[in-house]
Amino acid sequence: MGNVKKSPWLLHYDGSSCNGCDIEVLASLTPIYDAERFGVINTGDPLQADIFLVTGGINHQCQGVVKQLYDQMPNPKVVVAVGICACTGGIFKETYNILGGVDTTIPVDVYVPGCAARPQAIIDGIVKGIDLFQRRSDERDRLIKEAKKNGKVTDEVMAEIDARINQIKVDPSVKAPEDAGKIKEIPTGGSEE
Amino acid sequence: MSYKKTSFLEFASESMKNLFSKPVTTTYPLEPAVYPERSRGHVEIDIDQCISCGLCSRSCPPGALTVSMPNGTWTINRFDCIQCGYCVEKCPKKCLKMVPGYQTPEPSKAEETFKISEEILKQRAEAKAKAMELAKQKAAEAAKAKAAAAAKAAEAEKTAPAEAKPEA
Amino acid sequence: MISLETVVPFLICFPVIVAVLMFITRNSKVRAIFAYVGAVAIIAAVGFLLVDWVTNGCQPVALFVETETINHVILVAEIVLMFVVTFLCFKYKKYWISILSIVPTCMIAYVDLRGPKLEEMHHVYLDHLSILMCVIVGLIGSMIAIYAVGYMDGYHKHHTEFKDRTYYFLTVLFLFLGAMFGFVTSSNLLWIDFFWELTSVCSFLLIGYTRTDEAINNSFRALWMNLFGGTALAVGIVYAAYVAGTTDLQTLVALGVLKQPAAVLPIAMIAFAALTKASQLPFSTWLVGAMVAPTPSSALLHSATMVKAGIYILFRLAPGMSGTETGLMVSLVGGFTFFIMSIFAVEQTDGKKVLAFSTLSNLGLMTACAGVGVPATVWAGVFLMVFHAVSKSLLFQDIGATENSLHTRNIEDFGGLLHRLPKLASCMFIGIVGMFLAPFGMLFSKWATLKSVIDSKNIILVLLICFGSATTTLYWSKWLGKLIQNPSEDKEVKDVTKTGEYISLYIHTAIMIAVTILIPTASLIYVNPLVTELFGTSTDVMSKSVLYTMVAMLILAFLVPFLAYLFTKNQPTKVDLTYMNGVNSGDNKGFVNAFGETTKMELGNYYFDDTIKTGKMMKYAQIALAVWIVVMTAMAIVKGGAF
Amino acid sequence: MNTNYIRIIAVLAYVILAPILGAFFDGLDRKISARMQRRVGPPITQPLHDLKKLFAKENVNVNKAQSFLILSYLVGTLIAGALFFSGGDMLMSIFLFSTSTMFLYFTCMVATSPYSTVGANRELLQALAYEPAELLTAVGFYLAVGSFKSLDIVSGKWSAILFLPGFFVAFVFILTIKMRKSPFDESTSHHPHQELIKGITSDLGARNYAIYTLTEYYENMYMLGVVALFFVNSNPWSYLGAVVAIFVLYFLEILIDNSSARVKSGLMIKQAWWVTFIAAGLNLLILMLIK
Amino acid sequence: MGKRSVIPFGPQHPVLPEPIHLDLVVEDEKIVEAIPSIGFVHRGLEGLVTKKDFNQMTYIVERTCGICSFGHGMGYVETIEDIMKVEVPDRAKYLRTIWFEMSRIHSHLLWLGLMADAFGFENLFYQAWRIREKVLDMIEMTTGGRVIFSVNKVGGVIKDITPEMQAKILDDLKEVEAETKRIATTFLNDYSVKSRLCGVGILTKQQMIDLGCTGPFARASGLNNDIRLRGYEAYKDLDLEPCISTDGDCYARCDVRIQEIFQSIDLIRQACAKIPAGDIAVPVKGNPNGEAFVRLEQPRGEAVYYVKANGTPHIDRFRLRTPTFANLMGLCEMLKNTELADVGILAVTIDPCISCTER
Ligand code: SF4
Ligand code: SF4
Ligand code: SF4
Ligand code: SF4
Ligand code: SF4
Ligand code: SF4
Ligand code: SF4
Ligand code: SF4
């Protein structure tokens with residue numbers, strides 16, 4: 001049914017990051033990168049969000065929060081882990097307080113590497129997430145239609161459908177835009193390390 | 001009080017000006033991004049230069065690198081690398097390079113492995129064998145020389161006992 | 001065949017008899033039966049009155065022309081009343097208040113015995129307005145009497161610190177009913193004065209019921225303010241008797257309409273007296289203080305009926321006041337009271353106080369309507385009066401019953417009442433909605449008020465009403481919101497409300513809804529003639545298109561939520577945790593706080609106690625309005641050429 | 001009979017077109033705002049995509065009563081607006097609007113959560129701020145035209161604005177409050193970075209939020225309808241004038257939104273009341289004197 | 001009775017980019033009690049000394065915080081250099097100063113944006129961050145990173161600024177200066193902005209001293225506490241007049257930070273003019289042994305670094321006392337008797353950096 005991919009709303013949560021990735025997430029919304037071009041709204045409210053952007057690793061205290069926020073989001077939804085910390089725990093994974101990346105707590109669909117993750121990378125991550133979001137939404141609609149044919153759609157049926165759609169993975173054929181990255185032609189004098 | 005003068009809708013003129021000027025938004029991802037040359041995007045390896053010494057992997061702060069000498073591989077987990085550039089600094093062969101262009105986001109945290117080409121490995125093995133042989137030869141020669149020297153010394157001792165010390 | 005000639009005396013005397021029975025019966029069961037029977041009898045009598053009058057063709061009826069003996073009886077009673085008041089004043093060392101009783105009584109007695117010979121006149125006058133008042137007093141009064149029997153039982157169970165004097169309470173309540181009937185049916189100012197004083201004293205006695213210091217203080221404040229009004233009334237009567245040569249209210253108003261100078265002062269004085277009774281500024285404090293009395297008296301005297309006596313008189317005077325300084329004085333006092341009291345109501349947490357301030361506020365609106373004194377405003381005012389009487393009576397009773405069950409009447413403790421005391425809360429909900437939301441009549445009356453006030457070109461009043469409506473919405477909505485919340489302390493509450501109380505509550509609720517639906521009919525067959533009687537001209541405030549609007553409103557308020565409920569009932573839905581920044585403690589009842597423990601959810605409404613300082617602002621308002629009244633009265637007198 | 005057809009058509013147009021126009025205006029708003037911020041911004045159809053998305057999502061409630069209350073809010077607003085556009089009584093439609101706002105308030109209160117509750121309380125404050133001006137606007141029309149009925153107002157000989165400049169000022173002032181735009185986005189803001197996050201809409205699940213948005217469109221279109229009422233008269237050209245006025249005004253709203261901080265609720269009430277009191281009050285005084 | 005509400009403010013609160021939590025008890029919207037709690041971003045960074053050697057720690061300490069990452073790295077290496085008695089070349093000192101001031105500009109612009117966001121001024125937020133991007137571009141051009149610079153090492157810096165780069169920086173700074181001026185007038189003059197800032201959260205100089213607050217936050221109350229006057233790195237050669245205001249409210253803090261942006265621009269210009277040629281690092285041999293303290297003026301105030309080393313590559317102790325940690329006390333004090341609407345502003349006004357506070 002719905003063409004949902006034009007309206008991905010973000011929920012950003014700062015797990016245990018150093019701030020570097022957070023400010024880059026914010027920067028990706030500012031005029032230069034303007035993620036709102038893709039219909040992105042940085043909503044603060046899990047109940048209305050589609051894409052969960054988590055920066056930073058997971059520690060003992062924020063684990064519950066991350067889990068709860070994820071549970072509060074209505075299906076279909078996508079989780080994007082932004083930054084090395086969110087991917088693996090990064091530089092802090094060996095400390096006593098960090099459990100690891102976001103995938104220690106909730107299923108992660110897209111990993112955005114970088115320390116800090118660049119705005120471009122974050123946009124790419126979102127773009128991949130959007131695609132998955134659309135696929136999950138389509139699948140959800142299909143399953144509901146099917147379920148309707150088979151009888152009443154109860155809350156349990158819905159729960160089962162939602163569990164199923166969350167299994168869908170990112171289609172590997174969807175390429176994020178090639179990031180060959182041109183070199184800026186500004187005077188640099190080269191690197192001299 | 002050091003408050004400056006008050007004006008209403010101070011920013012309105014700025015907003016209007018903005019409205020009629022071009023947006024600063026880049027067209028990424030339609031067009032590729034532009035990075036300055038020094039931009040620390042990702043680590044590249046000129047694998048054939050690598051000697052599998054392992055210095056990089058030992059110095060990598062998050063432990064994103066694994067180096068295997070026997071297989072001749074150099075493995076990086078790009079989802080673990082913080083692009084600090086310390087490995088680049090440490091590498092004795094200067095075969096690592098920090099280049100612009102970040103690692104693209106992926107649905108899984110795959111590692112990337114580089115293998116030193118068989119040819120070079122073979123070459124190296126050969127070189128090593130050669131070197132070993134050379135060393136052996138050298139050792140043999142040295143031993144020979146030593147023996148010769150010793151004999152000479154012994155001879156000399158007989159002739160000039162005060163000169164013997166440095167060779168011992 | 002029972003005739004009007006007998007029903008009216010019955011209505012006045014029968015409650016007094018019941019009162020005596022209440023006083024002498026010390027068995028609560030028996031007393032209850034007497035009370036029920038009395039109440040039913042009163043309703044029946046009012047029914048007879050209505051039927052009789054309607055079969056007479058709904059024409060104004062004047063009765064009791066020759067009443068020498070009754071006049072004397074009433075005079076004696078008034079003197080007795082004076083002695084009672086004086087005694088109580090001396091007992092509680094409030095000597096000076098007794099002067100306010102002695103002086104007017106002497107004046108009235110003098111006029112009665114030694115005054116000028118007045119022309120023959122009737123003493124009882126029944127028209128649409130007085131019949132309406134009778135119906136209101138009879139219906140609400142008897143139901144509150146029934147309610148009071150149950151309520152007082154619960155009240156003393158929960159307030160063990162007060163001596164149980166239920167017999168006394170019920171006595172005064174019935175006595176008051178008699179006085180009230182007398183008041184609304186009389187047209188002779190001398191009679192009116194007596195019943196006036198009687199209601200004041202009843203109110204005084206009920207306020208002081210608990211005999212705490214606060215209650216006594218408040219009761220005396222109510223007493224002196226009302227007696228002060230009574231004194232003004234007496235002055236007006238004496239002046240009318242000597243200068244205008246009449247003590248008949250109708251005649252006086254007729255003189256006023258003709259702009260006779262002689263009528264100016266009496267009308268101003270009576271209007272002033274009415275302001276005290278309706279507890280308008282600067283006399284509003286007594287009604288606020290009266291809230292210490294047990295709730296039935298608040299419901300009956302201090303919102304549904306006695307204070308309406310002031311409004312009733314103002315309506316009567318309206319044609320005579322229209323366009324005069326008195327009218328201006330009254331309308332602005334009313335408008336200002338409406339506005340400022342609605343602000344004060346915002347600050348209150350005590351439910352009963354909110355009701356008190358809201359009552360004051362609405363009385364202000366009615367006063368303003370009367371003060372403007374054109375047919376359309378009186379039309380609106382009559383509707384305001386009816387709706388207000390029903391819904392306030394309902395609310396007061398409800399809050400009383402709620403307090404008995406919940407042991408608090410703080411609105412902040414009413415969280416989730418709709419789940420905890422569903423029956424009481426539903427009635428409360430309807431009562432509150434009735435006060436300000438579509439489709440209930442109160443809103444309708446406000447519409448009409450605004451329209452007619454614009455027509456009368458009273459700009460200040462227009463502004464006051466517009467701003468006051470906004471604050472009114474605020475304090476009622478807050479309360480409603482509280483009722484429907486679902487707070488963490490879902491403690492089981494035992495509903496101790498008696499059947500008698502529920503009967504009264506349900507009937508009130510039913511009346512509210514019925515009257516709302518019947519607005520167009522009521523307007524056509526009753527209120528329009530009422531206004532015509534008062535003014536001699538008729539007005540048609542309700543046009544047909546308003547009727548359509550009514551229908552739209554009814555649909556909006558009842559059908560839409562119902563259909564929406566049916567529509568959404570079966571939608572699959574996930575019930576989620578509420579949004580608490582991600583730290584809900586596993587449910588919606590609290591969150592994990594700074595110490596890793598669970599903090600219980602607490603949600604409060606806004607009260608603005610930083611901005612609204614009721615006490616201080618009340619003083620300023622009182623002073624300002626006192627000055628206003630004095631100035632305007634003086635102007636009225638000077639302009640009227642009385643001196 | 002002729003007017004009855006017009007009435008029906010107007011109502012149908014409102015019911016069908018208001019959400020579309022509302023979304024269009026919203027899209028325009030977002031685009032122009034973005035440009036004022038030197039961004040490209042979303043496409044102008046973005047609000048429609050958002051609505052579609054929100055309806056496609058799972059239905060989430062924090063309290064089961066929410067769904068029917070919010071639906072009542074929508075339908076209530078619809079009825080109130082329909083009353084207005086059918087040429088009906090303006091004052092009554094204002095009352096109906098406040099009744100339907102009550103449904104929104106209830107929706108937030110039943111959620112029983114801190115942000116919704118504070119948002120709901122703020123919503124009441126907003127109502128407190130704008131209600132006098134709203135009522136006075138109706139009063140103004142009544143004085144100018146002699147009727148509360150919008151049909152009578154549009155068929156006047158002169159545009160009401162000629163008599164009601166002060167009321168217009170007051171109304172425009174509260175328009176910002178009604179549309180929940182900065183500096184008066186107290187109860188909820190279109191940008192969630194405020195102390196209340198999403199305020200009244202905090203606990204609305206995706207679908208309920210979609211209904212809320214729709215209702216907001218209906219309400220905005222009603223408000224713009226009132227703006228138009230200031231301008232139209234029996235002359236058809238005046239309709240063009242009204243359209244121009246609406247666009248100019250809407251643009252001004254966007255400009256103000258993009259050039260001011262959110263003020264505190266106390267200041268909002270104070271300002272709204274003073275502006276209403278002075279602008280509308282003066283106008284009222286003059287009107288009453290000359291009429 | 002009743003009528004109070006308890007509001008969980010944070011950890012997931014868009015006004016706070018970082019997770020902290022406040023239990024707010026409000027009456028109407030007046031705050032009667034505010035209890036902060038932290039720990040959502042505690043990572044245990046200081047504990048990593050046992051696992052990483054002192055050179056690796058440079059990169060780790062940088063990641064204390066993504067905003068003042070450069071300062072943290074610099075504070076750490078200075079401490080080690082202090083212990084090892086390494087004399088850093090002058091050019092390196094100037095380079096460090098330039099980068100440090102750049103990071104101050106970007107931090108303050110970021111703060112201005114967040115502040116605008118907190119009082120609901122979207123556009124201003126966007127414009128502040130748009131200007132900030134220019135600074136980030138300079139940083140990326142010279143160091144290769146946008147927010148994490150990774151150019152410090154024990155003994156100097158890793159990268160040099162070429163003359164071409166220097167020219168470009170000076171050029172771009174002009175633009176940054178002009179654009180900042182344009183948004184600054186809105187921050188300082190606009191009526192709606194002033195209605196949110198003036199007189200809000202007043203703290204006196206004495207209170208600042210008693211609470212131990214630092215940085216621009218304390219300078220806005222008239223406290224002259226700029227650690228840069230100590231003259232570390234190149235500051236001893238540069239003209240530096242601390243920016244001080246006396247009102248002690250949010251407006252004054254805004255004012256001070258705006259002044260500091262211009263001051264930093266000026267400092268960079270001075271440094272570029274005076275920078276000597278020469279090496280950018282000296283080789284360092286061996287391991288540190290001993291202990292040292294270093295104090296720095298970070299954008300948010302005084303940060304203190306402490307290292308105790310034992311002669312092995314793994315140092316014994318590393319401790320960091322951050323400015324936000326000191327200023328949080330000020331926040332708690334300010335929150336008393338303010339309004340809910342002010343919470344966001346007050347929280348932002350100390351320029352909280354939780355990730356460094358909790359590390
Ligand atoms: S990935 Fe790097 S920049 Fe991002 S939060 Fe972790 S340490 Fe900070
Ligand atoms: S750049 Fe840093 S993190 Fe990445 S591999 Fe090299 S040393 Fe490791
Ligand atoms: S340090 Fe250089 S040479 Fe040694 S293993 Fe690493 S890449 Fe290869
Ligand atoms: S350092 Fe802090 S977190 Fe650790 S035990 Fe002590 S109090 Fe707890
Ligand atoms: S204050 Fe701390 S967390 Fe924030 S940017 Fe600075 S170092 Fe990072
Ligand atoms: S070290 Fe300081 S902060 Fe920590 S527990 Fe001791 S006194 Fe408290
Ligand atoms: S507060 Fe801490 S983390 Fe933030 S800038 Fe200052 S020193 Fe760095
Ligand atoms: S010293 Fe400070 S930062 Fe360190 S554990 Fe104690 S309180 Fe926390």
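By convention in this document, chain letters (A, B, ...) are assigned in the order of the sequence lines, proteins followed by strands, and residues within each chain are numbered from 1.
Here ring-ring contact (aromatic ring centres under 6.0 Å, His included) pairs that include residues 19-39 of chain D, with residues two or more places apart or in two chains, are D/Phe25-D/Phe247, D/Phe25-D/Tyr250.
Along residues 175-185 of chain E, no residue comes nearer than 4.5 angstrom to chain D, judged on non-hydrogen atoms. Residue-level contacts of residues 265-273 of chain D with chain E, in order of numbering, are D/Ser265, D/Leu267, D/Gln271; threshold 4.5 Å between heavy atoms.
The side-chain hydrogen bond (donor to acceptor under 3.5 Å, both in side chains) test applied to D/Asn121 returns no partner, not counting sequence neighbours.
Contacts with chain D were tallied for E/Asp190, E/Leu114, E/Val193, E/Ile7; E/Ile7 has the most, counting heavy-atom pairs under 4.5 Å. Of all the listed residues (D/Ser259, D/Pro183, D/Ser33, D/Ser113), the one sharing the greatest number of non-hydrogen pairs under 4.5 Å with chain E is D/Ser259.
Taking every heavy atom of both residues into account, E/Gly120 and D/Arg262 meet most closely at CA-NH2, 3.6 Å. Residues E/Arg196 and D/Lys264 share a closest heavy-atom pair of NE-CG, 3.7 Å. Across E/Phe119 and D/Ala261, no two heavy atoms sit closer than the pair CD1-CB, 3.3 Å. The minimum heavy-atom distance between E/Glu122 and D/Gln37, with the atom names listed, is CB-NE2, 4.0 Å.
Rounded to the nearest 0.5 angstrom, D/Ile254 CD1 and E/Asn123 CG are separated by 12.0 Å.
Neither the backbone nor the side chain of E/Val26 comes within less than 4.5 Å of any heavy atom of chain D.
Heavy atoms of other residues, nucleotides or ligands lying less than 6.0 angstrom from CZ of D/Phe277 number 12 at most.
Residues D/Pro114 and E/Pro8 have side chains in contact (heavy-atom distance under 4.5 Å, counting atoms from C-beta outward).
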